[in-house]
Structures are given as structure tokens and as C-alpha cells.
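Right, one structure below, let's go through it.
For the numbers below, each heavy atom of this structure counts, side chains included, while hydrogens, waters and symmetry mates do not.
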Amino acid sequence: MENDFIIEKPFNNYLQTWVDYYFFIEIPVNKLKLNEEFIFPFPRITFGYFFEHPFLVTNHSTNENYSAEMIISRISTNQISIKPLTDKVKIIGAHIKPYALALLTNDNISEKPWIIKTEDLFKKEAKRFKKKIDSCSNPKEMFTEVENVFLSSVLTKDLSIVISAIDLIEEEKGNISISKLSENTGVSTRTLRNHFYKSVGCSPKEYIMLVKLRQSIYQMKYSPDSLTSVSYSQNFADQAHFTNTVKNIIGTHPKEIRKNLPNFRFLQF
């Protein structure tokens, strides 16, 4: 399934600092291994436009459903699954840095819903984007339109505290204390937490856990390491702690995740 994705890095130098990559997929639903799929909590934000093939997005933590046509997610540890509502999957999207929502709105990110209507962020640009992208003849033209809507909507802000903290968390692969983060960014732990909630939508502790989960799933996918080895390499106290954390956040035992990893179409690696 991974080969069905077309991926492109941003063309604009500035966007390269906060957009990881653009992606496109178009495939019949009957070629999918899994119909409904749980999304792994991920330390990135996802923008997606589903054309005329919306997905049913279910938040199992809050018992909410949403028919997704053009959305942007925010950082979350909720249990979320997705299911196509038509006979085809067609998506153009982007994975962007965790603070990128704060560059697109002045709202407190922690007060935004778990799924955000893109029209609420991009306003008139959202209508222009739909019209433009529906007339594109290839993914590269579509990626250019995604880039244009980001560039036309970005705000000028100083997010240096959050950016420095996130860079440090990822450099240390999540093996850093909140007090050390506070010391390195030059603010109190309370101030740091407030910055995270406002600009990322979660606490530094939650973000560290998302980084560790992403690394754990990557390790399960690409290495033969035992779950015990995975647990200790990500600094969980033991395998039981790792298993309980995964089940609480993802809703599935790590063994089941590892067994189904080749079938997942939305692995964000």
C-alpha cells in the first residue's frame, strides 16, 4: 500500500521549515487490506482534502463521528479511526509540524475541536483552493495549490519557545525531562506548558509520549525486536507499561498492531 502514495517535499524554502511533505493517494477501496483503520497518534498535524470521496472519522474517546471532506487535525491522544464512505480513496494532503496550526490561526489550539474544518482556517482561500485543485491534472500541480493556500494563510508569529522545545524533544528522541526542557528554553515549566497548550494543543509531557509512540511503532514495523526490547529502548518501565500505554491511546494491543502493520495505508513515517 505504501507504494500507492506519491510524496513530495515542499518547494518553498520557508515552508520546508514547517511542512514535512505533501502526499497524494488514489486507489479503489476494494484494493485496501483494511476497510476501517485506527490512526496512530502522531506528533504531526495532517491536512487532507478528500475530493468527492469523504471518509467517516470516528473519535472513539468522545463517541463522535465526522464526515471528512476537507479537514485539518490537531495533536491528539484520542482513539480515532477512519473509514471510506465511497468506493474510492482519493486524498491530497500534507503532514506539518505540530505548531503549524498556530501559524494559521490566532486561536488557542487547545480550544479547537479534534477535527477542524479547513474553511474555518482558510476562509475564502478554501473555496479558491477547491476550485483550483479540482482542475489540476497531476499531483505536482495539486501540491503547488496546497503550498499556495499555506503561503496565503500563514501568520507572522514568534513561536521560538515551542519550536526550540519540540526540536530538543525530537533530538533527544523523547528522553528528556520537563525540567530540562524548561531550563533549555529559559522559561518556567508552567510557562512552557502554557505555550504548548496555546500553540500545539497538548502538554509537553503528552508530546513526549507521542514521540515515543511513533518511534515504538516505527521500530515494530522495521525491526524484528521483541516487544520487551521495544519497551526498554523507548524508556518505558517495562513491557506491561508499554502495552498499557499503547492500548489506552491506540485501543489495540501492540501484538495486533505489529501483525497488521503491513496493511495500514496511513502510516505516517
Side-chain angles (χ1 to χ4, degrees), residues 34-48 50 54-85 91 93 95-102 105 107-118 120-121 166 169 174 178 193-194 196-218 220-221 227 230-231 234 236-237 239-261 263-269:
L34 300 171
N35 189 22
E36 184 173 20
E37 177 181 313
F38 275 85
I39 296 295
F40 297 120
F42 182 54
R44 290 294 183 269
I45 293 163
T46 301
F47 162 74
F50 297 77
F55 270 61
L56 179 68
V57 185
T58 302
N59 187 324
H60 299 269
S61 301
T62 61
N63 294 316
E64 294 177 282
N65 292 318
Y66 186 83
S67 178
E69 178 195 4
M70 187 163 69
I71 59 171
I72 193 162
S73 68
R74 72 174 181 88
I75 298 295
S76 172
T77 56
N78 289 344
Q79 294 178 20
I80 296 172
S81 67
I82 56 174
K83 182 178 181 178
L85 292 175
I91 308 170
H95 285 142
I96 57 183
K97 296 290 179 68
Y99 51 82
L101 265 179
T105 178
D107 295 342
N108 186 319
I109 304 303
S110 66
E111 296 174 358
K112 302 294 286 182
W114 58 286
I115 291 290
I116 302 166
K117 293 180 181 179
T118 311
D120 292 342
L121 288 177
I166 285 172
I169 289 170
I178 304 301
R193 185 172 61 251
N194 289 341
F196 262 75
Y197 275 122
K198 181 176 175 58
S199 300
V200 181
C202 69
S203 69
K205 183 178 180 180
E206 288 173 314
Y207 190 78
I208 287 171
M209 182 56 65
L210 290 176
V211 169
K212 285 179 172 291
L213 279 176
R214 179 182 187 272
Q215 292 168 174
S216 300
I217 294 168
Y218 186 96
M220 286 192 289
K221 180 175 173 64
L227 292 182
V230 173
S231 306
Q234 300 304 328
F236 287 91
Q239 185 180 333
H241 182 211
F242 172 65
T243 297
N244 289 334
T245 300
V246 171
K247 288 178 69 176
N248 287 338
I249 295 179
I250 301 177
T252 308
H253 194 285
K255 288 182 180 178
E256 288 299 309
I257 292 174
R258 172 166 255 171
K259 184 174 73 173
N260 285 311
L261 275 173
N263 299 328
F264 281 94
R265 59 188 176 274
F266 289 122
L267 285 175
Q268 304 103 331
F269 303 128

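- The two residues Arg74 and Ile45 make their nearest non-hydrogen contact at CA-CG1, 4.4 Å.
- In terms of the side chain to side chain donor-acceptor pair (under 3.5 Å) criterion, Asn63 has no residue partners (sequence neighbours excluded).
- Side-chain atoms of Ser73 come within 3.5 Å of backbone N or O of Thr46 as a donor-acceptor pair.
- By the side chain to side chain donor-acceptor pair (under 3.5 Å) test, Lys97 pairs with no residue at all, sequence neighbours left out.
- Qualifying side chain to side chain contact (heavy atoms under 4.5 Å, CB included) partners for Ser216, counting only residues two or more places apart in sequence or in other chains: Val230, Gln234, Phe236, Phe242.
- When all heavy atoms of Leu210 and Ser76 are compared, the pair lying nearest together is CD2-O, 4.1 Å.
- Sequence neighbours left out, the pairs with a member in residues 38-47 that pass salt bridge (Lys or Arg N to Asp or Glu O under 4.0 Å) are Asp20-Arg44, Arg44-Glu170.
- Applying the side-chain hydrogen bond (donor to acceptor under 3.5 Å, both in side chains) test to pairs two or more places apart or on separate chains, those with a residue in residues 108-118 are Glu64-Trp114, Asp107-Lys112, Asn108-Ser110.
- When all heavy atoms of Val211 and Gly174 are compared, the closest pair comes out as CG1-N, 4.1 Å.
- The structure places CG of Leu213 at 12.5 Å from CD1 of Ile208, a figure rounded to the nearest 0.5 Å.
- When the side chain to side chain donor-acceptor pair (under 3.5 Å) test is applied to Thr243, no partner is found at least two apart in sequence or on another chain.
- Checked against side chain to side chain contact (heavy atoms under 4.5 Å, CB included), Thr58 has the following partners two or more places apart in sequence or in another chain: Leu56, His60, Asn65, Ser81.
- The two residues Ile178 and Lys205 make their nearest non-hydrogen contact at CD1-N, 3.8 Å.
- Going from atom NZ of Lys247 over to atom CD1 of Ile257 covers 10.5 Å, rounded to the nearest 0.5 Å.
- What you find for Phe42 and Ile75 is that their closest heavy atoms are O-CD1, 3.7 Å.
- No side-chain donor-acceptor contact under 3.5 Å links Arg214 to the backbone of Pro43.
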Inset, instruction - Report the C-alpha separation of Phe55 and Ile91 in whole Å, then their side-chain angles, then the decisive distance to 0.1 Å, and conclude whether the side-chain contact (heavy atoms from CB on, under 4.5 Å) test is met. - result: CA-CA 10 Å; Phe55 270 61; Ile91 308 170; 4.2 Å; yes

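- Atom CZ of Phe50 is separated from atom CD1 of Ile82 by 6.5 Å, given to the nearest 0.5 angstrom.
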Inset, instruction - Apply the test side-chain contact (heavy atoms from CB on, under 4.5 Å) to residues Ile217 and Val246: give CA-CA distance (whole Å), side-chain angles for both, the deciding distance (0.1 Å), then the verdict. - result: CA-CA 10 Å; Ile217 294 168; Val246 171; over 6 Å; no

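- Residues passing the side chain to side chain contact (heavy atoms under 4.5 Å, CB included) test with Glu206, sequence neighbours excluded: Thr77, Tyr197, Cys202, Ser203.
- Pro113 is linked by a side chain to side chain contact (heavy atoms under 4.5 Å, CB included) to Ile116, counting only residues two or more places apart in sequence or in another chain.
- The side chain to side chain donor-acceptor pair (under 3.5 Å) check on Thr245 picks up nothing, with sequence neighbours excluded.
- Counting only heavy atoms from C-beta outward, the side chains of Gln79 and Thr252 never approach each other to under 4.5 Å.
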